[in-house]
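Below, chain A is the first sequence line, B the second, and so on; all start at residue 1.
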There are 2 protein chains.
Amino acid sequence: MAGRLRNPTISDVAKRAGVSVPTVSRVLTGAAKVSAAKRELVEAAIAELDFRPSAAARNLVSRRSQTIAVIAGNTSRYGYAEAIRGVEIAARAEGYTVMITVVESADEDEVDRAIAATLTQALAGVVVLKFDPPGVAALRKIPAHLPVVALSGTRESGIHQAVLDEAAAAEELTAYLLGLGHATVHHVRVPPSRRVDGRTSGWKRALTSAGAVVPAVRDASWDPKSGVAIGRELAADRSVTAVFCGNDEIAMGVMRGITEAGLRVPEDVSVAGFDDHPLAELWSPPLTTVDQDFAGLGSRGFHLLLQAVDGTGDRRFSSELPKLVLRSSTAAPGSR
Amino acid sequence: MAGRLRNPTISDVAKRAGVSVPTVSRVLTGAAKVSAAKRELVEAAIAELDFRPSAAARNLVSRRSQTIAVIAGNTSRYGYAEAIRGVEIAARAEGYTVMITVVESADEDEVDRAIAATLTQALAGVVVLKFDPPGVAALRKIPAHLPVVALSGTRESGIHQAVLDEAAAAEELTAYLLGLGHATVHHVRVPPSRRVDGRTSGWKRALTSAGAVVPAVRDASWDPKSGVAIGRELAADRSVTAVFCGNDEIAMGVMRGITEAGLRVPEDVSVAGFDDHPLAELWSPPLTTVDQDFAGLGSRGFHLLLQAVDGTGDRRFSSELPKLVLRSSTAAPGSR
DNA sequence: TTGAAAGCGCTAACAG
DNA sequence: CTGTTAGCGCTTTCAA
């Protein structure tokens, strides 16, 4: 088979179909009426040549694009990966293509570089995973003329955003633990996106409104192993009977630390996580957690963006309440 | 602040700097010499206007692109997400931008649609995650003129590819288990990308060369929970003392099934996984597995692609041997 | 309904 | 070293 040197262009199609270039364009875009006869000719030519319109040329002339960018601090962590997947699926269904750009730190230079690289592309809009400081920093740098939606766990005014109401869910989970009879609930936090973190504030709210002591927050990194040491410390403190962790992976680390210290979960200490990671159910004991529909979050975010892009609709928020998943890593306090 | 209606163009910059458009282009691309004086003028104008060259226009005229596409059957599973992250980081370092397109099934129509959408973009090349049937199907559909590299676990001729030599690693792991004293090793397979699967063939090779019986393979889905039922079945068979699972998540499911059946790991049955998932180390007992550097695979794949794109170099393969990680889910066979 | 003409923002020759 | 001239592949006027 003789290798074609270049892709067929619209004028190749026009020539082959015996029509003008604009006519081919019309059947491509569907923007104007074309007689059935010519349309068939054109479609046949397109199929024969395996013609694909050049997005570059289209973007250039129409000043519009069918590409969106997703900006994320990470792409492989569970919640992030799922949210990206949700955006991608929703986008694909609407004929959009997605670019992904990772911003690994909130360092100004790095953020600038990443954003600059992204913005050279012709973009219809941007979805930012505002889950962490890099996400927050990136969001701030997006030029005002570009439609943006943020995906996050805490509602905030002034921007379009899809949220999972983490604070409400964390409050519910903490209240559940208190209801079990625990005097208070300790909290291990994952790196927060800003000063306030939904999971942490919901936890605090529940304790406060129940009149319980609010223990000092312990900070873990994103690495599940960072939970192990914290778990050991917690185990050493005899007053600790319930721990709420910022995510399931940290909860798993904390449980391991507690177990290594010779205590049992949930008999001695109850441990709850957040996210409903696919392995949470298989853990021993199965983890009480909060089911966060990250893929749904991504999908809602994309639709919000689409609305902003084509001006159909004026919704700025889409919020959803994650739901509690009660398993056996939590129980009423024992003798300890 | 008065919203600018459109982005500044190269001619705005030229006007402001008092030079011609091609001169601006020259400083942008660095393709030709420009006097220091004019260069400074141009750079100042670029900064003042916050000008960013349009990738669409550039691609159109130069027939080159700084964008690559990653085609994957999934984006959120551990190995996939890590490989994509590796590609993205390597690409960004070289000034490339990455698009991601998901092909959820090997269904011909779906693959065609996804590829078609991707190919309208101006692409420098494509990286395909050939980890599963959708990946294999997608790879077949990429037009010959586009540089492609496949990421996979099994070396194959005729295409550029970066591989993690799974067969060799699986063979090594199986041999290790046999060396512990197990009469044979059972195998739970994750959905294979084609008829032959590196992990499975390595396992078989080790058994055969040791003269051990090759038990029937059991198939799991990608869902870790699918391992649970298989674990129970395995536990019911008194001849089973060692199990090698296609990935860590399935191994975790299998371990749970075995435990639920009242047996202990590793005293009654040894279980090994594959991939070294971040939670493998925290599992109880910590999982013996094989460390697969998926991010490194992605990075190697990108560099292979880059080589093919700019014609520097003629390497077609990059192979690496994953390494065993021995932990306590495996031990010498007990009394059973 | 259709074609001719213009031009999107940029880079690639080509003179000078 | 620099400017002028073309033109990438497409969509969008504008007439007919």
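Proximity of A/R58 to the phosphate of D/dT11: a side-chain N or O atom is located under 4.0 Å from OP1 or OP2. A close approach under 4.0 Å does occur between a side-chain nitrogen or oxygen of A/S35 and OP1 or OP2 of C/dT2. Of the side-chain N and O atoms in B/S20, none sit less than 4.0 angstrom from OP1 or OP2 of D/dT4. Within the 4.0 Å cut-off from OP1 or OP2 of D/dG9, not a single side-chain nitrogen or oxygen of A/S11 is found. For C/dT11, neither phosphate oxygen OP1 nor OP2 lies less than 4.0 angstrom from any side-chain nitrogen or oxygen of B/R64. Residue A/S25 has no polar side-chain atom (N or O) positioned under 4.0 Å from OP1 or OP2 of D/dT12.
Residue B/R26 is in base contact, counting any heavy-atom pair closer than 4.0 Å across all strands shown. Within the 4.0 angstrom heavy-atom criterion, no nucleotide atom of any strand lies near B/V24. Among the atoms of the strands shown, none is found under 4.0 Å from any heavy atom of A/R39.
Annotation for B/Q307 and B/D314: closest pair OE1-N, 3.7 Å, computed over non-hydrogen atoms.
The side chain of B/V19 approaches D/dG3 more closely than any other nucleotide in the set D/dG9, C/dC10, D/dG3. Comparing C/dG3, D/dC10, D/dC1 against the side chain of B/K33 picks out D/dC1 as the nearest. Distance from the side chain of A/K38 is smallest for C/dT2 among the nucleotides D/dC10, C/dT2, D/dG3. Considering only the side chain of A/V34, C/dT2 comes nearest among C/dC10, C/dT2, C/dC8. Relative to the side chain of B/R63, the nucleotides D/dG9, D/dT11, C/dG9 differ in distance, and D/dG9 lies closest. In the set D/dT4, C/dA4, C/dC10, D/dT4 carries the atom at the smallest distance from any side-chain atom of B/P22.
In this structure, B/I10 places its CD1 atom 8 Å from C1' of C/dG9, rounding to the nearest Å. Nucleotide D/dT11 holds its C1' atom 14 Å from the CD atom of A/Q66, rounded to whole Å. Distance, B/K15 NZ to D/dG3 C1': 16 Å, rounded to whole Å. The distance from atom CG of B/D12 to atom P of C/dC8 is 11 Å, rounded to the nearest whole Å. Remark: P of C/dA12 and CG of B/L28 are 12 Å apart, rounded to the nearest angstrom.
Of the candidates A/L41, A/V34, A/V19, A/V27 forms a side chain to side chain contact (heavy atoms under 4.5 Å, CB included) with just one, namely A/V34.
Under a cut-off of 6.0 angstrom, the local environment of CZ in A/R64 is sparse, with at most 12 non-hydrogen atoms contributed by other residues, nucleotides or ligands.
If B/A32 and B/V61 are placed on DNA chain D by their nearest nucleotide, the residue sitting closer to the 5' end is B/A32.
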